[in-house]
Amino acid sequence: MSREDYVKQIIKKVKCSKNKKEEIKRQILADISARMEAGESLEEIVANMGKAEEIAEEFNQNLSPEEVKAYKKSMLFKNLASAAVVFAVLCAFVWWWLPKTYEAGHSGKFVKENVEKEVEETILLLNADDFDALKAYAAEELQATLTKETIDEGRALLGDEWGELQEIGTVYMAEIEQKGKTYIFTQVHVTYENVKVIYTINFDEEMRLAGIFFQ
């Protein structure tokens with residue numbers, strides 16, 4: 001493994017902006033180069049520095065709140081394309097062409113405070129396994145697949161025991177226009193005792209629940 005490959009593994013797991021990633025990359029490469037010039041082999045340096053995941057986590061823990069916020073916001077738009085595919089499968093919608101993405105508030109059809117409230121309520125109902133309540137305000141296309149079995153399959157991918165809910169983070173939003181209809185896509189980081197979950201929760205123009213996805 002070359003030093004470039006090693007640094008690439010680290011940078012891939014650092015959760016910050018592109019500019020910050022470049023800064024960290026230069027910093028690590030310069031440090032490795034200096035140590036190699038001092039006589040250390042690349043193998044010794046890697047062994048002393050540790051696993052890429054551990055180094056990346058150290059950087060993540062020391063990022064500024066602004067960097068963390070910028071990263072989460074950029075990830076929302078980056079995930080919209082892949083989330084749209086999952087959304088189509090889960091909600092049984094047929095996407096005939098690529099949807100158009102806009103900043104939240106573009107259409108004037110959604111009130112930020114109301115969306116945030118519905119996102120939190122949806123998460124609490126999911127935690128309580130109250131699928132009757134969820135189906136009561138879900139879009140018709142979603143109701144058939146909104147079952148404990150379906151949700152549990154998704155939960156199992158992240159861990160068997162999530163533990164108690166600790167914190168619901170900031171709700172990030174974007175609008176999607178598709179076939180003359182507008183949807184609000186939201187994403188929020190939720191902390192449990194044993195796992196951190198990123199929820200993507202979507203609503204249609206009438207604020208009916210239109211999709212749930214978590215990772």
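This structure is a prediction, so every number in the text was calculated from the model and none was measured.
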Study note, to complete from the structure: Heavy-atom nearest pair, I11 first then K25, reads CD1-N, 3.7 Å
Point to revise | Donor-acceptor under 3.5 Å (T186 side chain, V171 main chain) | key: no
Revision key, fill the gap. Tightest non-hydrogen contact, residues L125 and A133, listed as CD2-CB, 3.9 Å
Practice item. Could you check if a side-chain atom of N114 sits within less than 4.5 angstrom of a side-chain atom of F203, using non-hydrogen atoms only? Key: no
**Study point:** Main-chain N/O of E205 paired to T182 side chain as donor or acceptor, under 3.5 Å
**Key:** no
**Study point:** Heavy-atom closest pair, residues F131 and L146
**Key:** CD2-O, 3.9 Å
**Study point:** Backbone N/O of M207 and side chain of E118: donor-acceptor pair under 3.5 Å
**Key:** no
Point to revise | Heavy-atom closest pair, residues E175 and G108 | key: OE2-N, 4.4 Å
Practice item. Give a yes or no on this: more than 12 heavy atoms of other residues, nucleotides or ligands lie within 6.0 Å of atom NZ of K109. Key: yes
**Study point:** E23/K20 salt bridge by N-O under 4.0 Å criterion
**Key:** yes
Study note, to complete from the structure: Between Y199 and the options F214, Y172, F185, the ring-ring contact (aromatic ring centres under 6.0 Å, His included) test singles out F214
Exercise for review: Taking the side chain as every heavy atom from C-beta outward, state whether M173 and E116 have any atom pair closer than 4.5 Å.
Suggested key: yes
Practice item. Only pairs at least two apart or in different chains count here, so list each salt bridge (Lys or Arg N to Asp or Glu O under 4.0 Å) that has a residue in residues 37-65. Key: R35-E40
Check your understanding: Hey, any chance V111 and I176 share a hydrophobic cluster, counting ILVMFWY side chains that come within less than 4.5 Å of each other, even indirectly?
Key -> no
**Study point:** I168 to V188 - nearest heavy-atom pair and separation
**Key:** CG2-CG2, 3.8 Å
Exercise for review: Using ring-ring contact (aromatic ring centres under 6.0 Å, His included) as the criterion, list what pairs up with Y192, not counting sequence neighbours.
Suggested key: W162
Practice item. Output the distance between atom CD1 (I10) and atom CG (D5), rounded to the nearest 0.5 Å. Key: 11.5 Å
Check your understanding: Hey, is CD on E161 packed in by over 12 heavy atoms from elsewhere, all under 6.0 Å?
Key -> no
Practice item. With side chain to side chain contact (heavy atoms under 4.5 Å, CB included) as the test, would you mind laying out the steps for I123 and I201 before giving the verdict? Key: CA-CA 9 Å; I123 292 171; I201 300 174; 3.8 Å; yes
Point to revise | Residue pair H106 / E177, side-chain heavy-atom distance below 4.5 Å | key: yes
Check your understanding: How long is the gap from CD1 on I212 to OG1 on T150, to the nearest 0.5 Å?
Key -> 10.0 Å
**Study point:** Side-chain donor or acceptor of Q187 paired with backbone N/O of I198 under 3.5 Å
**Key:** no
Check your understanding: Is there a side-chain contact between K135 and T147 (heavy atoms, below 4.5 Å)?
Key -> yes
Point to revise | OG1 on T122 to CG on N127, rounded to 0.5 Å | key: 11.0 Å
Exercise for review: Would you check if L134 and L142 make a side-chain contact, meaning some heavy-atom pair closer than 4.5 Å?
Suggested key: no
Exercise for review: Would you check if K148 and R155 make a side-chain contact, meaning some heavy-atom pair closer than 4.5 Å?
Suggested key: yes
Point to revise | More than 12 heavy atoms of other groups within 6.0 Å of K21 NZ | key: yes
Review point. Are the side chain of E164 and the backbone of E193 linked by a donor-acceptor contact shorter than 3.5 Å?
Key: no
Point to revise | Min side-chain heavy-atom separation I55-M49 under 4.5 Å | key: yes
